[in-house]
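For reference, the structure is listed below as structure tokens.
Labels below follow one simple rule: chain letters A, B, ... track the order of the sequence lines, proteins then strands, and each chain is numbered from 1. Small disclaimer: the values here were computed from a predicted structure and weren't measured.
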There are 2 protein chains.
Amino acid sequence: MPQDTADPVGGRAWQRRKRLDHILATAERVFAEAGFEGASMAELAAASGLPKANLHYYFGTKEALYTALLDSILDLWLSATDSIRPEADPAQALEAYIRTKMLWSRSRPFASKVFANEVLHGATHLRSYLAGPLRTLVQEKSRVVQGWIDAGRMQAIDPPHLFFAIWAMTQTYADFSVQIGAVLNRPELLPEDHAAGTDTILQLVLRGCGLEPQEPLPVAEAGRAAVAPPRRRRRG
Amino acid sequence: MPQDTADPVGGRAWQRRKRLDHILATAERVFAEAGFEGASMAELAAASGLPKANLHYYFGTKEALYTALLDSILDLWLSATDSIRPEADPAQALEAYIRTKMLWSRSRPFASKVFANEVLHGATHLRSYLAGPLRTLVQEKSRVVQGWIDAGRMQAIDPPHLFFAIWAMTQTYADFSVQIGAVLNRPELLPEDHAAGTDTILQLVLRGCGLEPQEPLPVAEAGRAAVAPPRRRRRG
DNA sequence: GTCTATAATATGATAGAC
DNA sequence: GTCTATCATATTATAGAC
């Protein structure tokens with residue numbers, strides 16, 4: 001061992017990274033449930049099984065820990081729109097986007113809640129992200145959607161507001177899961193609830209954009225037997 | 001003045017009521033911006049122009065003030081679904097409901113944020129409301145919607161999840177206004193932004209439920225001129 | 001690098017003068 | 001009824017032993 005700058009796999013830096021990730025994962029849950037001010041360093045320490053001072057050693061301040069957590073969430077956030085490309089089929093692209101967002105609401109509900117809490121309270125730590133990368137992304141993807149509209153490939157709609165609607169409908173299954181669970185009379189949301197939500201959102205967006213196969217419409221002519229529900233795959 | 005139990009208009013009780021309402025109105029804004037733990041009694045006092053002890057005199061504890069505020073918000077909340085009645089026209093009823101919800105997102109954004117914050121953090125103070133009056137209401141209104149579907153008056157859809165989607169899309173213009181404003185590059189949302197949002201939500205829901213006049217659909221046949229946007233009244 | 005003990009401050013709540 | 005002064009506690013943060 002001629003040099004002590006070496007840091008092989010399993011070394012100190014890796015140990016450190018592992019501990020940082022463990023703290024961040026715990027903080028995601030605690031901050032999601034209590035908010036920034038509602039969560040105390042004592043609570044965060046207890047939840048991660050470490051002494052309070054240890055958290056300060058790794059992150060300095062509570063706010064630094066919080067912003068590190070936000071950064072780790074935003075990394076994930078921007079990549080979801082990959083399916084929205086000019087050459088893609090509009091229906092398939094929107095469906096893939098909605099399914100991806102719904103998957104995250106189920107797999108990363110705490111991340112969604114931390115983000116929601118931050119925006120709800122003014123996005124003090126997110127201003128530059130919202131007005132920067134996010135706005136750029138929405139502008140870019142809106143041009144793609146507008147291109148589909150101009151080419152007659154889908155019904156006209158205001159593209160940015162379409163994105164706002166999709167974000168709202170998908171993220172509500174994470175952020176407002178307590179309300180949805182209470183209304184559906186469940187202790188917590190089941191996979192089939194997410195599946196039914198996905199079906200509903202897909203129907204609203206795809207039909208709303210004129211992208212669903214238009215089955216015989218039940219317009220003014222009642223008296224017919226109830227139309228069969230347009231059940232999609234992955235039904236619960 | 002033979003009896004001192006009299007309390008005419010302009011009397012002490014009225015003064016008291018006025019002051020309570022003033023405190024609640026201020027608290028709505030402060031709690032919306034900071035959350036329950038994030039808002040301090042000192043901040044609430046400063047915002048309402050009263051000494052801290054005065055707030056404690058009127059409400060006792062911070063939590064009592066907060067729950068009083070929540071109650072005043074819930075009173076408003078349940079009345080929005082009045083238009084959803086069996087004999088109503090589905091399209092008109094849903095449109096009226098969506099417009100009412102959007103109006104509140106514009107006129108009472110702080111109330112919406114307080115509610116959102118409470119649900120986001122587990123709805124500790126709202127459990128009985130969510131599992132009680134709200135669930136009952138959703139069940140009742142879902143039967144109405146299912147009746148419309150069974151009568152062939154609209155496309156099949158999962159009624160509770162339709163309500164979740166409408167809540168999410170409309171309330172996002174209050175709860176996430178900071179994000180929407182940042183993306184649209186505005187210091188704050190303009191009336192025309194709310195109008196464009198209303199148009200988008202109406203299109204998704206009404207067309208999504210098979211309730212919009214089905215204009216010539218731009219299905220597979222491109223090469224045609226861009227279809228005219230289905231602009232609704234009150235456009236910005 | 002890790003953790004116990006403690007400092008410095010902010011907060012919810014109240015006693016008691018007016 | 002109203003408000004100033006103050007208490008008791010909880011919180012962030014750090015000093016310093018190991």
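The backbone N or O of B:M169 sits nowhere less than 3.5 Å from a side-chain atom of B:T172 that would complete a donor-acceptor pair. Looking only at distances, a side-chain donor or acceptor of A:D193 sits under 3.5 Å from a matching main-chain atom of A:L190. Formation of a donor-acceptor pair under 3.5 Å by the A:K141 side chain with backbone atoms of A:I84 is found in this model. Panel note: side chain A:Q171, backbone A:S105; no donor-acceptor pair is recorded below 3.5 Å.
Contacts between residues 41-72 of chain B and DNA chain C, defined by a heavy-atom separation below 4.0 Å, involve B:M41, B:K52, B:A53, B:H56, B:T61, B:K62, listed by number. Using a 4.0 Å cut-off on heavy atoms, none of the residues of residues 25-33 of chain B approach DNA chain C.
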- Task: Please assess A:R99 against A:L202 for the test side chain to side chain contact (heavy atoms under 4.5 Å, CB included), listing each intermediate value before the final yes or no.
- Result: CA-CA 9 Å; A:R99 288 194 183 278; A:L202 283 173; 3.4 Å; yes
- Query: Given B:L20 and B:R17, is the side chain to side chain contact (heavy atoms under 4.5 Å, CB included) satisfied, shown in steps?
  - Reply: CA-CA 5 Å; B:L20 289 175; B:R17 184 70 247 167; 4.2 Å; yes
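Note on ring orientation: taking the six-membered ring where Trp is involved, the planes of B:H125 and B:F36 are tilted (angle from 30° to 60°). Relative ring orientation between B:F163 and B:W167 is described as tilted, the plane-to-plane angle lying within the 30° to 60° band.
Under the 3.5 Å distance criterion, with hydrogens and angles disregarded, a donor-acceptor pair is assigned to the side chains of B:R19 and B:Q15.
Between chain B and DNA chain D, the heavy-atom contact criterion of under 4.0 Å yields a 5' to 3' nucleotide range of D:dG1 to D:dT4.
In this structure the side chain of A:F115 never reaches within 4.5 angstrom of the side chain of A:R108, judged on heavy atoms.
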